[in-house]
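Note: hydrogens, waters and symmetry copies are ignored here, and every other heavy atom, side chains too, is used.
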Amino acid sequence: MAPAGIASDALDRPHFIGIGGAGMSGVAKVLAMRGARVSGSDSKDSPIVGALRELGATVHLGHAADHLAPDITSVVVSSAIRADNLELVTARERGIPVVHRSDALAALMDGSRPIAVAGTHGKTTTTSMLAVSLRTLGLDPSYVIGGDLDAPGSSARHGDGEIFVAEADESDRSFHKYAPEVAIVLNVELDHHANYASMDEIYESFQTFVGRIRPGGALVISADHPGARELTARVTGGEGPRVLTYGEDAGADVRVLAIEPHGLTSEVTARLAESLGGAEITFTVSVPGRHYALNAVAALTAGAAIGVPARDLAPALASYTGVKRRLQLKGTAAGVQVIDSYAHHPTEIAADLEAIRGGAGEGRVLVVFQPHLFSRTQELGTEMGQALALADASVVLDIYPAREDPVPGVTSALVIDAAARHGADVTAEHDRSAVPELIAGMAKPGDLVLTMGAGDVTDLGPEILARLQSPES
């Protein structure tokens with residue numbers, strides 16, 4: 001049964017505008033795997049678009065009115081699609097139902113046992129950990145993740161199991177559409193400044209999400225993070241869901257007793273409350289950093305909440321070895337490792353730099369950082385610069401605008417000046433093409449180079465590796 005507002009056959013022949021995007025492609029893939037006749041358009045070709053074509057999807061490059069076939073049953077959009085997009089305008093003129101991505105995802109989850117992963121940071125990693133470990137256990141979950149696990153198109157899958165794991169995006173309040181059996185809230189911080197004016201608005205939005213948990217379901221939430229603790233206080237009591245906390249706090253239902261780093265992995269020991277079996281479990285997390293270890297404990301708690309034995313799930317979590325753009329090793333050249341990080345919020349930047357510092361040994365940590373969005377830089381540029389001071393040296397690029405128009409006076413200088421004030425070795429670089437040569441001149445054997453940000457800075461990793469490998473380097 002489709003959610004209210006969506007006809008039962010609306011997703012039989014859907015057309016996706018921006019089908020190659022991380023969120024859109026996952027929904028399109030699951031629909032295609034379920035037998036829908038999927039079409040779509042995107043501004044450029046990509047491996048993700050290629051993977052969708054292999055599943056039978058028709059994908060057009062560019063946007064044009066005639067891309068909308070006469071028999072399509074809906075047009076699917078995300079919040080990133082502007083109202084004046086030619087295909088969207090045409091759909092409205094023709095009376096074709098327009099479906100938001102979140103409504104399509106909610107329809108996909110209907111009839112399953114959903115686990116929805118929310119929070120300002122860590123959603124993709126935690127969702128991926130659950131998807132990979134549940135598959136390792138043979139439970140064959142469906143999932144939609146905001147990033148590829150490995151091969152292009154691996155961000156989503158239709159499985160025959162009853163569990164459906166999905167990211168729940170708070171940025172545009174679209175996570176209000178879901179009705180999970182288990183909801184995870186990793187943390188609550190102010191972000192997405194174009195949509196939220198205050199922390200109170202953020203809390204109200206998360207409260208609405210928690211209120212969508214199915215009767216008899218559970219909220220899994222951090223016992224350590226201040227914003228999560230405040231949210232817990234706001235939703236506890238009454239007829240709300242069962243609340244299960246995790247973290248290092250002494251009162252946590254799943255209490256982390258130890259996180260022992262071992263290079264680029266960690267060993268985690270946690271004790272479960274009596275209501276969850278009362279066991280003490282030690283397991284390996286195959287990615288570095290305390291924040292990733294805590295994400296794994298969140299996944300463990302959610303699994304226990306939905307009935308997967310923690311003693312089974314804990315060792316299966318070790319099978320998660322990372323997701324693209326989340327501290328992903330792109331390669332090594334001339335003794336220098338190049339790693340890609342999606343971190344774009346100050347908390348994420350600091351966490352990834354601390355994690356990498358633990359695995360760098362005697363080497364230096366060099367960062368190529370690209371601020372993401374004018375609105376975010378305007379509000380958090382100072383904090384971004386402060387976080388970059390954790391690196392040995394940073395190169396800061398111009399702001400990646402994504403969907404936003406420029407804001408007068410808002411440039412990457414806000415980040416650069418703040419980094420310099422906090423003692424950072426920071427260099428401004430306005431020409432992306434100059435970065436590989438610049439890094440090749442800075443890096444020495446044993447160093448780690450991070451390309452960091454949510455924009456196209458990721459494309460520089462291979463170029464840096466190629467320059468390091470070149471004879472003159």
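- For the residue pair H67/S41, the side-chain donor-acceptor check at 3.5 Å is not satisfied.
- Remark: side-chain polar atoms of D253 are not paired, donor with acceptor, to backbone N or O of A273 under 3.5 angstrom.
- With hydrogens and angles left out, the side-chain atoms of D224 and S222 include no donor and acceptor closer than 3.5 Å.
- Residue L313 holds its CG atom at 11.0 Å from CD1 of I306, rounded to the nearest 0.5 Å.
- Under 3.5 Å, the side chains of S174 and D169 contain no donor-acceptor pair of N or O atoms.
- Residues I339 and I356 meet the side-chain proximity criterion, which asks for heavy atoms closer than 4.5 Å.
- Separating the CG atom in L186 from the NE2 atom in H291 is a distance of 11.5 Å, to the nearest 0.5 Å.
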Please evaluate residues R173 and E201 with respect to the criterion salt bridge (charged side-chain N to carboxylate O under 4.0 Å, His left out), reporting the C-alpha separation (whole Å), side-chain torsions for both, the decisive distance (0.1 Å), and the verdict. CA-CA 11 Å; R173 295 179 172 83; E201 286 192 14; 3.4 Å; yes
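- The nearest pair of heavy atoms linking V49 to K44 is CG2-O, 4.1 Å.
- Using modelled atom types, no side-chain atom of E181 and backbone atom of R113 make a donor-acceptor pair closer than 3.5 Å.
- Between V285 and L317, every side-chain heavy-atom pair lies at or beyond the 4.5 Å cut-off.
- The minimum heavy-atom distance linking S319 with V132 is given by the pair OG-CG1, 3.4 Å.
- Contact detail for S112 and E162: the closest heavy-atom pair is CB-O, 3.4 Å.
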Go through K177 and D110 one step at a time and tell me if the salt bridge (charged side-chain N to carboxylate O under 4.0 Å, His left out) criterion holds. CA-CA 11 Å; K177 305 290 181 65; D110 193 47; over 6 Å; no
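- Using a 4.5 Å cut-off on side-chain heavy atoms (C-beta onward), N85 and H63 make contact.
- Using modelled atom types, one side-chain atom of R212 and one backbone atom of Y178 make a donor-acceptor pair closer than 3.5 Å.
- R229 places a side-chain N or O within 3.5 Å of a backbone atom of A223 that can act as its donor or acceptor partner.
- Side-chain contact between V220 and V185 is absent, with no heavy-atom pair separated by less than 4.5 Å.
- Distance alone, capped at 3.5 Å, places no donor-acceptor pair between the R271 side chain and the V256 backbone.
- Listed for the K123 side chain is a donor-acceptor partner under 3.5 Å among the backbone atoms of G119.
- Here the side chain of R34 pairs a donor or acceptor atom with the backbone of L108 at under 3.5 angstrom.
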Could you check L68 against I96 for side-chain contact (heavy atoms from CB on, under 4.5 Å), going step by step and ending with a plain yes or no? CA-CA 10 Å; L68 276 60; I96 300 169; 4.0 Å; yes
Begin with the C-alpha distance, continue with both residues' side-chain angles, and end with the deciding distance and a verdict on side-chain contact (heavy atoms from CB on, under 4.5 Å) for E354 and L390. CA-CA 7 Å; E354 288 168 355; L390 295 170; 4.2 Å; yes
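- Here the shortest heavy-atom pairing between P462 and K330 reads CD-NZ, 4.5 Å.
- Contact between H372 and A402 at its shortest, heavy atoms only, is NE2-CB, 3.9 Å.
- With no hydrogens or angles considered, a side-chain donor-acceptor pair links E167 and T124 at under 3.5 Å.
- A side-chain N or O of S341 and one of D352 form a donor-acceptor pair less than 3.5 Å apart.
- The side chain to side chain contact (heavy atoms under 4.5 Å, CB included) test applied to E189 returns T120, H121, H225, H345, T347, not counting sequence neighbours.
- Panel note: side chain R13, backbone T73; no donor-acceptor pair is recorded below 3.5 Å.
- No side-chain N or O of Y246 forms a donor-acceptor pair with one of R255 less than 3.5 Å apart.
- In this structure, T125 contributes its side chain and G122 its backbone to no donor-acceptor pair below 3.5 Å.
- The pair R290-E248 counts as a salt bridge, with a side-chain nitrogen and a carboxylate oxygen less than 4.0 angstrom apart.
- The side chain to side chain contact (heavy atoms under 4.5 Å, CB included) check on V407 picks up F374, Q378, V410, with sequence neighbours excluded.
- R53 and D45 are joined by a salt bridge, as a carboxylate oxygen and a charged side-chain nitrogen come within less than 4.0 angstrom of each other.
- Under the 4.5 Å side-chain criterion, counting only non-hydrogen atoms from C-beta, V77 is not in contact with V99.
- Using a 4.5 Å heavy-atom cutoff, the side chains of L460 and T458 are not in contact.
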Can you list the steps and then say if T245 with V254 is a side-chain contact (heavy atoms from CB on, under 4.5 Å)? CA-CA 6 Å; T245 58; V254 179; over 6 Å; no
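- Note: N187 CG to L294 CG = 10.5 Å, rounded to the nearest 0.5 Å.
- Checking side-chain atoms of S142 against main-chain N and O of G159 turns up a donor-acceptor pair under 3.5 Å.
- In this structure, the side chain to side chain contact (heavy atoms under 4.5 Å, CB included) partners of P14, at least two apart in sequence or on a different chain, are L11, F16, L31, A36, V38, S74, V76.
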Check the pair T282, E267 against side-chain hydrogen bond (donor to acceptor under 3.5 Å, both in side chains), reporting the backbone distance first and the verdict last. CA-CA 7 Å; T282 299; E267 186 176 85; 5.6 Å; no
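- For the 3.5 Å distance criterion, the side chains of H100 and S79 qualify, holding a donor opposite an acceptor.
- T451 and D340 form a side-chain donor-acceptor contact under 3.5 Å, judged by distance and modelled atom types alone.
- Residues E170 and F209 form no side-chain contact, since every pair of their non-hydrogen atoms from C-beta on lies 4.5 Å or further apart.
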What do the steps show when you test M129 against L134 for side-chain contact (heavy atoms from CB on, under 4.5 Å), and what is the final call? CA-CA 8 Å; M129 288 175 166; L134 292 171; over 6 Å; no
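- Using the six-membered ring where Trp is involved, H60 and H15 have ring planes that are tilted, between 30° and 60° apart.
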Please assess E204 against R234 for the test salt bridge (charged side-chain N to carboxylate O under 4.0 Å, His left out), listing each intermediate value before the final yes or no. CA-CA 9 Å; E204 288 168 5; R234 292 182 179 218; 5.7 Å; no
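- When side chains are defined from C-beta on, V457 does not count as touching M452, because their heavy atoms never get closer than 4.5 Å.
- Between L105 and A166, the shortest heavy-atom contact is CD2-CB, 4.2 Å.
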